[in-house]
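Have a look at the structure below before the remarks.
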Amino acid sequence: MTEETGIARDECDAETGREVFWRASSVGLAAVDTGDAELLHCWRSDPVAAHESGIWPRSLTAMRERIERDADDDDRDDFLVLLPDGTPIGHTVLTGQNIVDGTAQVELMLAAQYRGQGYGTAALDALVDLRP
């Protein structure tokens with residue numbers, strides 16, 4: 001259970017019901033908004049995700065502030081990774097985008113129960129293909 005939110009780590013699931021912008025075979029991507037702060041905070045609090053990504057948990061307040069700040073950053077795009085039924089299973093970020101060269105840096109984090117099932121590959125496919 002996270003101290004700040006009172007959410008057990010296995011209770012990080014939620015359904016968003018929001019518009020999916022990009023799709024791959026088994027996932028879709030939707031823009032992150034401030035209402036996703038608790039979910040992202042919960043995922044980032046997973047010790048395996050923190051260790052593997054080098055992204056250590058922030059306070060929930062700091063997470064909300066980061067989402068608000070990054071919403072206006074034209075050099076960064078944050079997305080939730082969603083199953084076809086709208087269940088969020090991860091977070092991906094594009095930074096350092098160079099449209100001319102077709103390059104960008106990608107960050108990807110999946111909730112623990114969805115790792116190792118091909119969803120990460122599908123999320124990367126959605127980012128690369130950028131098909132509506």
Side-chain angles (χ1 to χ4, degrees):
M1 192 171 289
T2 63
E3 196 170 299
E4 191 169 352
T5 65
I7 299 172
R9 286 200 176 88
D10 60 350
E11 295 176 5
C12 292
D13 293 329
E15 289 190 27
T16 63
R18 69 177 66 164
E19 182 179 356
V20 174
F21 293 106
W22 296 329
R23 296 183 191 280
S25 58
S26 60
V27 300
L29 303 177
V32 168
D33 64 31
T34 54
D36 300 319
E38 284 191 34
L39 186 59
L40 296 178
H41 179 267
C42 188
W43 289 338
R44 288 174 74 132
S45 297
D46 172 46
V48 173
H51 175 74
E52 293 294 324
S53 67
I55 299 174
W56 301 105
R58 303 175 183 202
S59 70
L60 181 55
T61 300
M63 179 61 67
R64 283 190 185 110
E65 290 170 355
R66 187 198 60 78
I67 292 170
E68 289 172 2
R69 182 190 70 236
D70 290 345
D72 295 328
D73 186 348
D74 291 336
D75 295 324
R76 179 183 175 106
D77 292 305
D78 285 72
F79 301 97
L80 284 182
V81 180
L82 305 172
L83 292 177
D85 69 1
T87 302
I89 63 168
H91 175 230
T92 189
V93 181
L94 282 175
T95 57
Q97 300 169 58
N98 184 323
I99 295 173
V100 173
D101 292 336
T103 60
Q105 180 177 339
V106 177
E107 300 171 25
L108 174 67
M109 176 177 49
L110 294 176
Q113 65 269 34
Y114 297 102
R115 295 179 197 144
Q117 301 175 45
Y119 294 121
T121 300
L124 294 176
D125 286 347
L127 286 172
V128 171
D129 289 344
L130 304 179
R131 31 180 193 159

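These numbers were taken from a predicted model, which means no experiment stands behind them.
- Side-chain atoms of Thr34 and Arg64, non-hydrogen and from C-beta on, never get closer than 4.5 Å to each other.
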Where do Gln97 and Asp77 land on the side chain to side chain contact (heavy atoms under 4.5 Å, CB included) test, with the steps shown first?
CA-CA 9 Å; Gln97 300 169 58; Asp77 292 305; 2.8 Å; yes
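- For the residue pair Tyr119 and Tyr114, the shortest heavy atom distance occurs at CD1-O, 3.4 Å.
- You'll find the side chain of Asp125 stays beyond 4.5 Å of the side chain of Val27, heavy atoms only.
- Rounding to the nearest 0.5 Å places CG of Leu40 at 6.0 Å from CE of Met109.
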Give the intermediate values and the outcome of side chain to side chain contact (heavy atoms under 4.5 Å, CB included) for residues Val48 and Arg115.
CA-CA 11 Å; Val48 173; Arg115 295 179 197 144; 3.7 Å; yes
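- Of the inter-residue distances, the one linking Arg76 atom CZ with Asp70 atom CG reads 4.5 Å to the nearest 0.5 angstrom.
- A pairwise comparison of heavy atoms in Leu127 and Val106 identifies CD1-CG1, 3.8 Å as the closest pair.
- Here the closest heavy-atom approach between residue Ser59 and residue His41 is recorded as C-CD2, 3.7 Å.
- Taking every heavy atom of both residues into account, Asp46 and Ala112 meet most closely at OD2-CB, 4.4 Å.
- Looking at Arg58 and Glu65, their side chains never come closer than 4.5 Å, going by heavy atoms from C-beta outward.
- Note: Leu94 CG to Leu108 CG = 10.5 Å, rounded to the nearest 0.5 Å.
- Closest non-hydrogen pair, Pro88 versus Leu39, comes out as CG-CD2, 3.5 Å.
- Rounding to the nearest 0.5 Å gives a distance of 10.5 Å between CG of Asp73 and CZ of Arg66.
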Yes or no on side chain to side chain contact (heavy atoms under 4.5 Å, CB included) for Gln117 and Leu110, after CA distance, side-chain angles and deciding distance?
CA-CA 10 Å; Gln117 301 175 45; Leu110 294 176; over 6 Å; no
Are Ile67 and Asp78 close enough, and set up right, to give a side chain to side chain contact (heavy atoms under 4.5 Å, CB included), and what steps lead you there?
CA-CA 9 Å; Ile67 292 170; Asp78 285 72; over 6 Å; no
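- In this structure, CG in Leu82 is found 7.5 Å from CG in Leu29, a value given to the nearest 0.5 Å.
- Shown here for Ala111 and Trp43, the closest heavy-atom pair between the two residues is CB-NE1, 3.3 Å.
- Linking Ile, Leu, Val, Met, Phe, Trp and Tyr residues whenever their side-chain heavy atoms come within less than 4.5 Å leaves Val93 and Val81 in two separate clusters.
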